[in-house]
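To start, the structure itself, in structure tokens.
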Amino acid sequence: MTAQLESSPVTSVDAELQHQIEQFLYLEARFLDERRFEEWLDLFSDDIHYWMPTRSVRYERELDKEFSAPNEVAHFDENKRALEERVTRIRSGMAWAEEPPSRTRHMVHNVIIEPGDSPAELLVRSNILLYRGRLDRDVDLFVGFRQDVLRRSEDADYGWLIARRAIYLDQTLILAKNMSIFF
Amino acid sequence: MALDIRGLVDAKQGTVDPRIYQDEEIYQQELKNVFARCWLFLAHDSQIPNPGDYMTTYMGEDPVLVVRKRDGSVGVFMNQCRHRGMRLCRADAGSAKSFSCSYHGWTYDLSGNLVGVPSEDDAYHNEINKAEWGAIKVAQVDNYRGFIFGTWDPTAPPLIDYIGDFRFYFDAFADRTEAGTELLGGAHRWVFPANWKFAAEQFCSDMYHAPISHASAVLALTPDDQDVDEEVFPMEGMKGRQFSSELGHGTGFFVESGDVLANIVGQKPADWFQGGNPEAVERLGDARAQRMRGAHATLFPNFSFLPGINTLRIWHPKGPNEMEVWAWTLVDKNAPADVREAQRIGTGRTFSVAGMFEQDDGENWSEIQRVLRGHMARQSSFNVQMGLGHEWHDDPDFPGKVNRVYCEMAARGFYRRWADMASGMSWDELMASVGAAVEVSG
């Protein structure tokens, strides 16, 4: 099935598709915030690439180098199996960075949808604001944007699968003792 | 000074006073007597390959610029304008022809010499002596197998003597092939709300925490058909060794089984690092190239690495209660592409701010630091007694002072060195106490 696209000066998709995609992203955020990690994993295609590059402070003329390249190191550079291992770790009861668990709130904003490489795919850009509270006094705030590829799937419970996710944070030095959470 | 810093560490009894992690006065002594005197790791050759390439880093809390000069040598100078103290360069890295201060425009060349002063004729009447007002230069810079070190102290012993008997172990990481090593692009940098010594000491001396602190990661990464105690983290101390240098450096590793590397970075890199690279076997010999596995290491004071996993990092002090970790991934220059790729992914997946192992370290260190806010919590010593008095010096494979892998001998060595240095002991005294041990290095 082809994703519905309709051109206009500011958006290439119709309101119904926009609504559907936003609801899908909200559902994903809810799964994470409710620690329903197994259901969250099911939202990803088997060929998912989940990637968060590192970032450095650069002058304007070298801004093209601020994010690490795909062949350089990354905060996350995960396939499906690696994401599953991370969930296995959290569920072990001995993942001390998540035991007691963090409290997260994923806010998803500014969802912009564009046509993907194939008729069944969409490029979805969203801003995220992620609050993490931990123990009594730990507070972390992660802000950035994500570039997802969403793939239409008749077999998927919610009609779509996340086939690619790139997360670009607005911090260079990460102002947190760890990132034991998902984005 | 009122505080007797040497009295806060009792290496003979195996105790440390927790104030060393938390006290502001001690911290200032540490910046002055440890960080402004020691050889500190600054950068790897591969990070600044071309003339004009630079990166900014810290020596203690002092910001420095590390620059590849036109003649190929490396210049290191304070990242601070001599006019009114402004930070000269505010980027992490880049390439430049010169460094111009954004406050009033004083301009420095790649060696840190002052070469330009706006309105030099009109405002200064051509009376300023620019030769006197260059950036403050680091007293000594040296390069060991691609690793660039510097010290503020002109009287510090040569780098090779500073590394001393740790060289045998450092080479297992740094000198595997003639082609040498390089860092992959990108860096993991983050903040721990904890004293830098917790991290430096752990990488120096603490295999003991791994099966507990990192139980979840070991579990998640170990295939179902593998026995963790036998094959991944053997719990018998004699299946590994710990080494402690009188110079404060330390390392620990397994020598029989303990194939944690394959689970962390994959079988191919594990094979490559554990005997699969014939050149490394030739250079390093059987003990270091094939049998050392799952190693942790710290070169005193704040440069740590994990051979095989190949993360390396600096623990930058940021006050007594906070540190920044700057971590990179090292690869053999001539490693096969699939080994490099597995290394690149495996390091980030395990030892980084989001790494499945290192996430839990942050929880430990930050909570210790928080507990030490309490007055009573600082009144009783910490226990660093594991393996006390059980070391030996005649190991057939591993030179120097060694012990079982689960041990705190290297922590005692680290803290004794730290206390000697922080209390202001002279280099003559510091090096005299290790003369015999250094001879072992070869």
Side-chain angles (χ1 to χ4, degrees), chain A residues 51-63 65-79 81-100 102 134-138 140 167 169 171-183, chain B residues 55-56 89-96 183-194 212-222 311 316 322 324-329 337 340-341 343-349 352-367 369-370:
Chain A
W51 181 64
M52 182 196 287
T54 65
R55 194 170 188 172
S56 59
V57 179
R58 298 279 180 164
Y59 285 116
E60 177 90 35
R61 65 179 183 276
E62 294 179 1
L63 265 190
K65 294 179 181 157
E66 69 170 337
F67 288 106
S68 60
N71 64 349
E72 299 180 335
V73 302
H75 290 307
F76 290 91
D77 200 329
E78 308 295 62
N79 55 23
R81 186 178 153 208
L83 289 176
E84 288 166 353
E85 283 171 350
R86 286 178 182 272
V87 170
T88 300
R89 188 189 96 83
I90 291 172
R91 294 297 194 213
S92 72
M94 297 179 290
W96 313 120
E98 284 299 314
E99 177 60 14
S102 295
R134 183 147 188 77
L135 306 178
D136 283 335
R137 298 184 69 97
D138 289 357
D140 296 304
I167 307 136
L169 288 189
Q171 287 179 1
T172 52
L173 177 77
I174 301 296
L175 300 176
K177 64 182 174 184
N178 60 43
M179 295 198 290
S180 54
I181 52 176
F182 296 108
F183 294 80
Chain B
M55 57 173 287
T56 55
C89 176
R90 290 164 293 136
D92 292 325
S95 191
L183 291 192
L184 296 175
H188 293 113
R189 299 186 305 135
W190 72 108
V191 172
F192 286 119
I212 308 300
S213 285
H214 303 307
S216 63
V218 173
L219 182 91
L221 292 173
T222 300
T311 177
H316 287 302
E322 189 172 290
E324 286 178 15
V325 50
W326 294 17
W328 297 273
T329 299
R340 292 168 68 100
E341 179 65 0
Q343 208 85 53
R344 180 183 74 78
I345 292 175
T347 306
R349 197 170 279 168
S352 74
V353 59
M356 285 199 277
F357 281 76
E358 200 144 21
Q359 290 173 22
D360 298 317
D361 291 316
E363 190 81 355
N364 289 337
W365 299 331
S366 63
E367 286 299 296
Q369 199 73 39
R370 206 170 258 165

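Sequence lines set the chain letters: A, B, ... in the order given, protein chains first and strands last, and positions in each chain run from 1.
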message: Any side-chain to backbone donor/acceptor pair from A:Trp96 onto B:Ile212? Under 3.5 Å, distance only.
response: yes

statement: Taking every heavy atom of B:Arg344 against every heavy atom of A:Glu72, the minimum-distance pair comes out as NH1-O, 2.8 Å

message: At a 4.5 Å cut-off on heavy atoms, which part of A:Ala176 comes close to chain B: side chain, backbone, both, or neither?
response: backbone

message: One pair to check against side chain to side chain contact (heavy atoms under 4.5 Å, CB included): A:Thr54 and B:Arg189. What are the steps and the verdict?
response: CA-CA 8 Å; A:Thr54 65; B:Arg189 299 186 305 135; over 6 Å; no

message: Is A:Tyr59 in contact with chain B via its backbone, its side chain, both, or neither, using a 4.5 Å heavy-atom distance?
response: both

message: As an exercise: rank B:Ile345, B:Val325, B:Val218, B:Asp360 by heavy-atom pairs under 4.5 Å with chain A and give me the winner.
response: B:Asp360

query: Would B:Glu363 and A:Glu99 count as a side chain to side chain contact (heavy atoms under 4.5 Å, CB included) if you check the C-alpha gap in whole Å, the side-chain angles of each, and the deciding distance to 0.1 Å?
result: CA-CA 10 Å; B:Glu363 190 81 355; A:Glu99 177 60 14; over 6 Å; no

query: Taking all atoms of both residues into account, what is the closest heavy-atom pair of A:Val57 and B:Asp92, and its distance?
result: N-OD2, 2.6 Å

statement: Here the pair of heavy atoms bringing A:Arg137 nearest to B:Arg370 is CB-NH2, 4.0 Å

message: With a 4.5 angstrom heavy-atom cut-off, is it the side chain or the backbone of B:Trp326 that approaches chain A, or both, or neither?
response: side chain

query: Side chain, backbone, both or neither: which part of B:Glu324 has an atom under 4.5 Å from a heavy atom of chain A?
result: side chain

- line: Under 4.5 Å to a heavy atom of chain A? For B:Ala93 that would be both

- request: Identify the heavy atoms of B:Gln359 and A:Ala97 that sit nearest to each other, and give their distance.
  value: O-CB, 3.6 Å

field: Under 4.5 Å from any heavy atom of chain B - which part of A:Glu85
entry: both

field: B:Glu367 versus chain A, the contacting section by heavy-atom distance below 4.5 Å
entry: side chain

query: Of the backbone (N, CA, C, O) and the side chain (C-beta and beyond), which part of A:Glu66 lies under 4.5 Å from a heavy atom of chain B, both, or neither?
result: neither

- request: Tell me, out of B:Gly355, B:Ser213, B:Ala194, B:Ser352, who's got the most heavy-atom pairs with chain A below 4.5 Å.
  value: B:Ser213

query: What's the shortest heavy-atom distance between B:Ala91 and A:Arg58, and which atoms?
result: CB-CA, 4.1 Å

message: So which residue, A:Arg55, A:Glu62, A:Arg61, ends up with the most heavy-atom pairs under 4.5 Å with chain B?
response: A:Glu62

message: Which one wins on heavy-atom pair count under 4.5 Å against chain A: B:Glu358, B:Arg90, B:Glu341?
response: B:Arg90

message: Could you measure the distance from the CZ atom of B:Arg340 to the CG atom of A:Asn71? Nearest 0.5 Å is fine.
response: 9.0 Å

- prompt: At a heavy-atom separation under 4.5 Å, does A:Ile181 approach chain B through its side chain, its backbone, both, or neither?
  reply: neither

message: Does any backbone or side-chain atom of B:Thr347 lie under 4.5 Å from a heavy atom of chain A? Answer side chain, backbone, both or neither.
response: neither

query: What residue, out of A:Leu175, A:Thr88, A:Ile90, A:Asp77, has the most heavy-atom pairs lying under 4.5 Å from chain B?
result: A:Asp77

query: Between atom CE of A:Met94 and atom OG of B:Ser216, what is the distance when rounded to the nearest 0.5 Å?
result: 6.5 Å

query: Rounded to the nearest 0.5 Å, what separation is found between the CE atom of B:Met356 and the CG atom of A:Asn178?
result: 13.5 Å

task: Return the option, out of A:Met179, A:Arg89, A:Arg134, with the maximum number of heavy-atom pairs under 4.5 Å with chain B.
output: A:Arg89

- request: Can you see which heavy atom on B:Ala354 is nearest to which on A:His75, and at what distance?
  value: CB-O, 3.7 Å

